Amino acid sequence: MRAALRAAWRIGTGAALRGHAGRPLSQAAGDGGGAEGGGGSGSREAVERLVREHPVVVFMKGSPAQPLCGFSNAVVQILRLHGVEDYRAHDVLQDPDLRQGIKNYSNWPTIPQVYLNGEFVGGCDILLQMHQNGDLVEELKKLGIRSALLDAEKDQEKK
C-alpha cells in the first residue's frame, strides 16, 4: 500500500520535479555539495547509518520539542498520539548537507521524512494516511511498539 502511494505521488509530480536537462531538482541545483560521496553528513553512507540507528527515525525541521514547520509538527503529533516517544529525530535545518543527502537517499523531495526499521515510509501526508486507516498501528506492532490508541480504544469500550 505504501509503495503504491509513493508511486502514485511520484507519477503525479514527476514532471514538476525535473530541472535542468531532465535531472531531479535535487541534482539540478548543483553538483550535490558532497551529498553523493565522501564521508560527510549528507553522504549515502552517513544517511544510511542514521536511518538504521533506531527503529523509528524522523528527519524534520526543528526538534520534537520545537518543530519549525507545520508538517514536522504534524508528524510529531501523530507519533505522540500513538505513544511513540522513543525515536531519533534529526533537524535538517542544522545541517544543509544532511537535508540534501536525505532527499537524495529517499528520492523524496520534501521534509519531514519518516523511517520505520530502516525503511522509508514517507512524509507527513503518508504518515497521516497510515494513521487514519490503521496501517500505522500495524507497522508499529511489527517494531514491537504497541500503539497507545489501542489502549484508548479499550478504555472507551469499558465505558
Side-chain angles (χ1 to χ4, degrees), residues 1-20 23-36 40-137 139-140 143 145 147-149 152:
M1 172 95 159
R2 288 181 312 220
L5 289 171
R6 287 195 300 267
W9 187 88
R10 284 188 184 123
I11 290 169
T13 60
L17 292 177
R18 298 287 168 198
H20 308 292
R23 293 179 298 172
L25 286 178
S26 61
Q27 296 172 0
D31 65 357
E36 294 299 322
S41 61
S43 71
R44 184 159 191 79
E45 296 78 19
V47 171
E48 179 83 20
R49 278 192 301 274
L50 293 176
V51 163
R52 299 201 178 280
E53 77 181 347
H54 197 270
V56 182
V57 179
V58 179
F59 294 87
M60 61 183 293
K61 294 178 182 175
S63 67
Q66 189 172 13
L68 296 177
C69 84
F71 298 112
S72 292
N73 184 48
V75 165
V76 168
Q77 294 304 321
I78 291 168
L79 292 174
R80 191 171 291 149
L81 273 172
H82 287 269
V84 180
E85 295 178 13
D86 183 20
Y87 62 95
R88 298 295 179 268
H90 299 281
D91 182 357
V92 299
L93 297 178
Q94 298 296 317
D95 188 344
D97 287 339
L98 177 59
R99 185 176 186 174
Q100 188 58 51
I102 193 63
K103 291 177 183 182
N104 293 344
Y105 180 83
S106 65
N107 196 29
W108 192 262
T110 59
I111 303 293
Q113 293 187 15
V114 178
Y115 289 79
L116 299 179
N117 211 26
E119 180 183 343
F120 176 61
V121 172
C124 175
D125 53 345
I126 303 292
L127 197 68
L128 178 59
Q129 187 169 25
M130 290 176 68
H131 163 69
Q132 291 171 336
N133 67 20
D135 286 349
L136 186 55
V137 170
E139 291 300 318
L140 292 173
L143 301 176
I145 300 171
S147 172
L149 293 181

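Just so it is clear, the values below take in all heavy atoms, side chains as well, and ignore hydrogens, waters and symmetry mates. Just so it is clear, the structure is predicted and the values come from calculations on it, not from any experiment.
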Spatial distance of atom CD (Q100) from atom CG (D95) [nearest 0.5 Å]:
11.5 Å
To the nearest 0.5 angstrom, please state how far the OG1 atom of T110 sits from the CG atom of D125.
7.0 Å
About how many Å separate CG of L128 and CZ of F71, when rounded to the nearest 0.5 Å?
10.5 Å
Any donor and acceptor pair, going by atom type alone, linking the side chain of N133 with main-chain N or O of D135 inside 3.5 Å?
yes
Does atom CD of E53 have more than 12 heavy-atom neighbours from other groups under 6.0 Å away?
yes
For V47 and G42, the nearest pair of non-hydrogen atoms, with its separation, is CG2-O, 4.0 Å
Taking the six-membered ring for Trp, are Y115 and F59 parallel (under 30°), tilted (30 to 60°) or perpendicular (over 60°)?
perpendicular
Heavy-atom closest pair, residues L93 and G62:
CD1-N, 4.2 Å
Drop me the distance from R49's CZ to S41's OG, to the nearest 0.5 angstrom.
10.5 Å
Testing the basics here: between H54 and V57, what is the closest heavy-atom pair and its distance to 0.1 Å?
O-CG2, 3.5 Å
Is there a side chain to side chain contact (heavy atoms under 4.5 Å, CB included) between D86 and V56 once you walk through the steps?
CA-CA 8 Å; D86 183 20; V56 182; over 6 Å; no
Let me confirm one number: the CZ-CD distance from R99 to Q113, rounded to the nearest 0.5 Å.
11.0 Å
For the student: nearest non-hydrogen atoms of L98 and H90, plus distance
CD2-CB, 4.1 Å
Below 4.5 Å, heavy atoms only, C-beta onward: do R44 and N104 meet side chain to side chain?
no
With rounding to the nearest 0.5 angstrom, report the CG to CD1 distance, N73 to I78.
10.0 Å
Closest contact, heavy atoms only, I126 versus V121:
CG2-O, 3.5 Å
Determine whether more than 12 heavy atoms belonging to other residues, nucleotides or ligands lie under 6.0 Å from atom OH of Y87.
yes
Keeping E139 on the side-chain end and L116 on the backbone end, is there a donor-acceptor pair under 3.5 Å?
no
Side chain to side chain contact (heavy atoms under 4.5 Å, CB included), that's the test. Do V51 and I102 meet it? Break it down for me.
CA-CA 9 Å; V51 163; I102 193 63; 4.2 Å; yes
Exercise: identify the closest heavy-atom pair between V75 and C124
CG2-CA, 3.8 Å
Given side chains that start at C-beta, do those of L149 and H131 come closer than 4.5 Å, heavy atoms only?
yes
Whether S72 side chain and K61 backbone form a donor-acceptor pair below 3.5 Å:
yes
